Every structure is written in C-alpha cells, then in structure tokens.
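A short worksheet on the structure shown next.
Chain letters run A, B, ... following the sequence lines, proteins first, then strands; residues in each count from 1. Every value quoted in this text rests on a predicted model; they were computed, and no experiment measured them. These values consider heavy atoms only, across backbone and side chains, with no hydrogens, waters or symmetry-generated copies.
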Amino acid sequence: MTAPIDKLLDYAIPASLSSFVHIGTRVKVPLGRRMVWGFVLGVSTEEREGLKPIAEVPEDSPFFPPHLAAFYQRAAAYYHHPPGEVLRTALPAGITGKVQRVGVVHEKKYHALDAADQPKGARQQEILSWLRERKEAFGSEIGAVFPSPTPVLKRLVELGLVGEEEVERRRDPFFDLPVDADLRPSATEDQGQALAALQQALAAEEFAGFLLHGVTGSGKTEVYLKVIAAALEAGRQALVLVPEIAQTPQLVARFRARFKSGEHSIAVLHSGLSEGERYDAWRAIARGEVHIVIGARSAVFAPLDRLGVIVVDEEHEASYKQAEGFRYNARDLALMRGQREKAVVILGSATPSLVSYHRSREGFLQYLRLHHRVLGRPLPEVELVDLAGRSMEGSLSQEMLDALESNLQVGDQSLLLLNRRGFSPYLLCRECGATFHCPNCAITLTYYQSRRLMRCNYCDYAVAPPTVCPECGGGQIEPEGAGTERLEEELTASFPEARIARMDRDTMTRKGAHQKLVSDMEQGRIDILVGTQMVAKGLDFPGVTLVGVVGADAILNLPDFRSAERAFSLLTQVAGRAGRGERPGRVLIQTYAPTHHALQHASRHDYDGFYLEEIEYRRALEYPPFGHLVNLVISGIEGEKVAEAAERFCDSLQACAGEEVEVLGPAPCPLFRLRGRTRYQILLKSVTRAPLHRLLSRLPALRSALPRTLKLTLDVDPLDML
DNA sequence: AGCACGCCGACT
DNA sequence: GTCGGCGTGCTC
C-alpha cells in the first residue's frame, strides 16, 4: 500500500482479473473503509480464506519488472522504512494519490496505404505524396510541415488512401532541444587502462564495483560514455546517477550528443519534470524502450530490466542522501542494485568519500585512478591566506583584491565561493547586542537586503527588519558578517567596471536562470561569478583562471564529524574550477585556520595525505567507515514532553541493545528547534551492522510506548546529524 | 495515512 | 441527552 504500514498485505485475485495481476502491477484494493492504490510485490496460487479481493487493475500496468520488487523490499528492510512509502518515493508521483493526476496521452499516427489512386485536391496530393515518402508520421509532425492538416488527413482516411491509429505519446521536454556536436577524444593512457578493466568486468556479466578516482578535468565523463557504449553494444542498459540534473546540464548535453542516433533512447529524470513527463518517461523505461536513464537519486529505482552499467557521478555528494521521509542513499542502493543485477557499478569522483575510498583499499571496490588532467593541463596553484590578526574593510583580503584586479586586467574570469546565502547571516543591535531569531527554529534570521527582509533559511519564515531594537529601543541595527549578496555589492564597489554575477539558491529559482548564467559565463559575458557551493559543482568554464574561497572556516566549523571531509572535498572541487582552459589557474583560500589538515592537504591537491590523516580520527572514534550509525530523532511541539519521552525511550533502547550496540544520548539536536518542533537525538553506533538491524527490527514495538503526539524519525547511515 | 472507536467536557 | 475534541488501534 502507499501508506506507512510496516507489513505487506495479502489480497485475493478475482478470476476475472487473474490474467492481469503480476508482480509490478498497480492495483486498487479495499483497505479498511476506503479504496487505495497498491502495487503487487508477490503472487501466489495458494488458496486462502478471508482475503478481500483486488478491486481494479488499471491499463497502464505493469510499472516495474518482477526482479525490482525484491530490490524495493530490500531497500525497505535496510532502511527500516514501510515498503509502501518506499514505493511512493520510487515510483513517479501522481499515480498513487486519491486523484489520478496523470494519464496516458494519445496522438494520431498516420501512414500511407498501398493504393495507387491520386486524390483530386492539391492539398491532399501534397500531403499524401509527402506521407508516401515518409511511410508514417505523427499528426504533430505533419502539422509542423503543412498548416492545419487535420481536415485534409480526415478526407484522405475516408478515401482509403491513408490509415490512422491512436498511439501513446511520450511527453519529452528534451525532444525538441538542439543537440551539441559530439567530440570523441581518443582515450588517454589512464583512461585506456580504466576502460580495459571496466570492459572486462562488463563482459564477465557479474557484479563488479569500481571507484573511479580522477582529478577534476581528467575526463571521467569520457570513460562513462565509452563503457556505456560497450554495454549498449552488448544489448544491456545503463543508469547514470548525478547529484542534481539542473546543475549538470553539460554532462547531460554530452550524453545526448554521443547517443543521439535513433537506435538508443535516453530518458532524463529530474525534479524539473512535470508529473506527466515523469510518468511518460517511467512508462517508456518500463516498456523497455529506453537504453540510458540519467537522473538524480530517485532514478536508482528506475524500472530498467537489463542493466549493464550503473554510474554514480560525484559519488561523494551529500545530495545522494534523501534528507527526509524515506532516508535512502542512492549511491549505496546503486551498489546493492548492481550486486543483484550483476551489473558494473562505477563510483566516480575527484574527491571520493572517505567511506568509498576505504572500501577500495579493503578490496570491495576496484580502484581506478585518472592521474592527469586531459591535454596535460596542470592543477592550479593553491595559496592559503591567513586572516588572523588582520583588519579588513570588507570580506576580501588585499591579496584577493589584487588577484581579482590583475585577472580583470588580462580579461580572465574569476570565481568566488562564499558558502552563505543572503546579505548577512544576522542583524545585530550595536547598542545592546540583540540578534534576531526564527520563532520556529533555533537559528538566527538571515538578512536579505535586496528584498528588505529577514528570512529563516530552514523554514522560510520571513519578517521585515526592525528599525528600532525591540530590546533596548536603540536605532543602530546593522548587518554582521557577509553572504553572497553582500559580497556581490562589495565587488561592485571595488570593481565598478567589472561584470559581476551571483549564483545561489536565491538567484537560480527562475526556470532557465541556471542555463542563462552558464551560457553567459561560457561566452565571457561575466568577469566575476560569486556563489555558494553551487559554483563548485559540475561546471567547466575554460575562461576561469582565478578561484577565491572567501570563508573556508564557515565550512570547517559545522558541528559534525564529517566537516573536515566536506571542507576538503568542497575546496578541492572549487579549486578544480580554475585553469581548465589553456591558461593555468590560481586559487586563494582565506582562512583563520591555515594549519587545519583539510586546508593543508587541499592546498597541495593531496587526497591520499588527507585520507591517511582523517581516517585515524574515524578509527579512534569508531565513526564510519569503522562503525555504522543510526540516528533517531524524537520531536514534538512541547519541549518538556519531548525531553522526558526521549529519556525514557533511550532507556528502553538501552535495555534491548546488548553489548555490541552503543546507545548515545539523548542529546538536544544541533538544530534544537526546527519548524516549531523541539528535537532530541539518540545515536546508535556499532562496529558490525547485524546487531544494529536486530535492534531496529524491535523498533515498531518500542515505538508504541512513545506518546502519539511525538514523532520518531529514523536515519540509517546518516550523512548529517543537524 | 486515514478511518473508527471510545472516552471526556460543553452545549441545546 | 448528544455533539465533537483528540488519544489509540487497525488496516489483508
């Protein structure tokens, strides 16, 4: 059922429906007093008393091939999440709700019949001879050549010269987009070696997991393209996961360029699709018409039947983890799926997650390295700018200003990273020190000068900034610290002649905004691009020779055991944006902690050095990859009750836990209040997974002791614990 | 989730 | 004497 019920329910198959009910079919069934949508995960011929019958099987079934039923259930079991909710996440939206919001769209398709007759009308002759040439065509295709052809076609059908049929039409937003020219560079030596290993594994038709570790600009995409071509050649299919499609238009464009010929169909799944487009893409995949699926994390559930290759690009990205509801990690599920379907799984990254790198050293993943940038381009030189003891007027040091100035002089582009949205992270009363907090969340309100408001970045609460301090009545309320909006303003003041643009969640909301900014950068219409971590990802601008990181410390200082890893990875990624063209790049990182190991190793492009140092911290604390974590969050409106219940719940967990599982907490979450709810967390830690899963399987029983007004959320393998 | 049941206070 | 608040339990 698409309801949060922990178990699967059994229904009788009425004789009249028996030939339509298979694994993967969508069915309407009675549940209590209502009718709900469900999906068939298993079929049995055994007779059983007392089952309610399936009420209806719609025409658009089946939705997924039989072997995926087991995969979905495995995912549900691993994350201890109700199978129905898993299906709701996995399948396209709009088919499981009360109202059927999407449906099949039909279109007329015409074909010339075998008849020598010529019609009398000129228009009829014109269209018929065109159609005889083409053999068959959709109504819309004919309409594109001849204006309003429908009445003419109707007459031709009546005359028996043309046949028509209703066919299902796939809504495809990429259908009309122009395709770039395909460049097929020959493989470098590194790429050749990686490809040989991958193709051998593909030919073996067994599961094989790879970590493709290639510095930025080393040509990982070309490796993906070539392996996928080999898989298609062998009659198998490919699944490509990317962190966020909207941010990787260049990658999608290269796939479309390479596989544009009619024989291979690509489906692109992403959050920007309408429900109808998503539904159509899903159905086309389920019918076996699609050979390559490119998509964000939920594409890991796509109903491909003969998978040969799964690519997880930028595997270290946190966006592979769904942060609410069914909290799965698409990278981990991709490995699970690859094992079940005997596919080759490639995790690609310039900065692999510590966990994946560790798994490659342990032998679970085969390690492939691309050492060099293509065309022998050098990695940029990185300098750390120590801010300690300086007084700066704005956010930028003299070194940074000088570097920007000289880059402007020679006409090169610069990229500045500041991982903070808005104008300033908070407003401060100069007289009494008051700051302004979100009433729903334990966080200061970010000040947005352009819109004259203070906004919570977590719950979107917004309010006009006060002109007098509500605490002391003083009138000196000023922004403290800087976000991208303020940085953009500072730059405009320092470099009035420069063309400056900003890229963050606030400027990228309009449809096509991202595309426009990318093309402006590519065409050299921007001198300085300011942005949040968005600018660090997936973009390839050959004109950028200077990258500046304005506040490295904001990334380092999050209260999370992974903050060093995240900082190393983000800094390395953004540094890799410099010098991808003909001229070498340069990177400046401003920090108050220049000796931090993440910064030191990032500045030397030394992944292994970082790994060897960071892995010892993890080992000492039994954090991943040495221990496995589950984060339990108990939340509710009334803070007192939550604290009390969390305490009691923790005790009962402790009582069940046994020796191997450590139960830590309860502790207030770093975001103690979020969207009006008070939150406590309990962390479970274990060196092996089995005892952890045993404890979690007792959770439904333990949960019933919690008051129903409180919510318990469960996060297996959490990525952040805020 | 969504629906029914059941137990308490406030009203015609 | 009944209407409706929400805490609790169940759904093949």
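No side-chain N or O of R88(A) forms a donor-acceptor pair with one of T2(A) less than 3.5 Å apart.
Under a cutoff of 6.0 Å and an axis angle of 45°, R337(A) and F71(A) form a cation-pi pair.
In this model, a side-chain donor or acceptor of R34(A) finds a partner on the base of dA1(B) within 3.5 Å.
Y328(A) pairs in a ring-ring contact (aromatic ring centres under 6.0 Å, His included) with only one of the listed residues (Y320(A), Y79(A), F301(A), Y78(A)), which is F301(A).
In this view, E647(A) and P666(A) satisfy the side chain to side chain contact (heavy atoms under 4.5 Å, CB included) rule, not counting sequence neighbours. With sequence neighbours left out, the side chain to side chain contact (heavy atoms under 4.5 Å, CB included) criterion links D720(A) to D560(A), R566(A), L722(A).
Open room surrounds NZ on K641(A); 12 or fewer heavy atoms of other groups in view lie less than 6.0 Å from it.
Residue contacts shown for L51(A) are limited to sugar-phosphate atoms, with no base heavy atom under 4.0 Å away. Counting any heavy atom pair closer than 4.0 Å across all strands shown, P30(A) reaches sugar-phosphate atoms only and no base atom.
Running 5' to 3' along DNA chain C, contacts with non-hydrogen atoms of chain A at under 4.0 Å begin and end at dG7(C) to dC12(C).
Taking atom CZ of F326(A) as the reference point, atom C1' of dA1(B) lies 18 Å away to the nearest angstrom. Protein atom CZ of R708(A) is 10 Å distant from nucleotide atom P of dA1(B), rounded to whole Å.
Residue-to-nucleotide proximity on DNA chain B shows that, of E85(A) and R33(A), the 5′-proximal contact is made by E85(A).
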